[in-house]
Amino acid sequence: MLLAAPAWAQAPYVALEQRLDPQALADVGLTPAQLQALNRLLRQAQADAPAPVAVAAAPAAGRGVPTPAPMFPGLDDGPINAKVTGQVDGWAPGTVFTLDNGQQWQVLKGEMKLKTARSNPGIVVVPGIAGRWFLQVDEDLPKARVFRIR
């Protein structure tokens, strides 16, 4: 029987600035002093954690075996590539984007006015931490924080 320890117990602490993208950090709204204090507390908590106990490796999921829920909702999801139906000249909180796959996403945060309107542009809706989603019209432009309404 194989024994395994949790992967986090073997790795050194990684600061939040290295784990999250700048937009996600900005959305949290921590001051530099708060971010430094949180990193210090998390680093200390990891150092103080008891030594991992070896546990039997989980059997491979088979037919009829439920799949465990993701530990961090959103991070296990992949990006959604689609096209917006219609014209896009910008966005602000409340703007609804209807995609060619039938999904609708509403802007929660972020505002942008495009220099030139785009007709049926290709977009990517990318997952963030804690179930947040971000709509990206162009990789060189800021993302809009969105939530799915359909």
D89/R118 ion pair, N-O < 4.0 Å: no
statement: Value for CG (N101) from OG1 (T98), rounded to nearest 0.5 Å, stands at 10.0 Å
field: Between CD on residue Q104 and CZ on residue R148, distance to nearest 0.5 Å
entry: 10.0 Å
- prompt: Out of V125, I80, V124, which one pairs with L135 under the side chain to side chain contact (heavy atoms under 4.5 Å, CB included) rule?
  reply: V125
- prompt: Are any side-chain N or O atoms of Q44 and backbone N or O atoms of L41, one a donor and one an acceptor, separated by less than 3.5 Å?
  reply: no
field: Atom pair CG/NZ of L99 and K83 - distance to nearest 0.5 Å
entry: 12.0 Å
message: Treating T95 as the side-chain partner and V107 as the backbone partner, does any N or O pair qualify as donor plus acceptor under 3.5 Å?
response: no
statement: Smallest heavy-atom separation, G29 atom then Q34 atom, equals O-OE1, 4.2 Å
field: Atom pair CD1 (I149) and CD (Q106), whose distance is rounded to the nearest 0.5 Å
entry: 5.0 Å
field: R19 (side chain) donor-acceptor with V14 (main chain) under 3.5 angstrom
entry: yes
query: Do I123 and Q136 come close enough that some side-chain heavy atom pair is under 4.5 Å?
result: no
- prompt: Between N39 (side chain) and A15 (backbone), is there a donor-acceptor pair under 3.5 Å?
  reply: no
message: If we check ring-ring contact (aromatic ring centres under 6.0 Å, His included) with W105, which of these qualifies: W133, F97, F147?
response: W133
message: Does atom CD (E139) have a neighbourhood of more than 12 heavy atoms from anything else shown, all under 6.0 Å?
response: no
- prompt: Between V84 and N120, is any pair of side-chain heavy atoms under 4.5 Å apart?
  reply: no
- request: Report yes if some heavy atom in the side chain of V126 is under 4.5 Å from a heavy atom in the side chain of K143; otherwise report no.
  value: yes
task: Decide yes or no for L114 and V88: does some side-chain heavy atom of the first lie under 4.5 Å from some side-chain heavy atom of the second?
output: yes
task: Considering non-hydrogen atoms only, spot the tightest contact between W91 and A144 and give its length.
output: NE1-CB, 3.2 Å
task: Quick one: pull up NZ in K109 and CZ in R145 and give me the separation to the nearest 0.5 Å.
output: 5.5 Å
field: Smallest separation among heavy atoms of G110 and P93, with atom names
entry: O-CD, 3.4 Å
- request: Compare every heavy atom of A117 with every heavy atom of Q87, then report the nearest pair and how far apart it is.
  value: NE2-CB, 3.2 Å
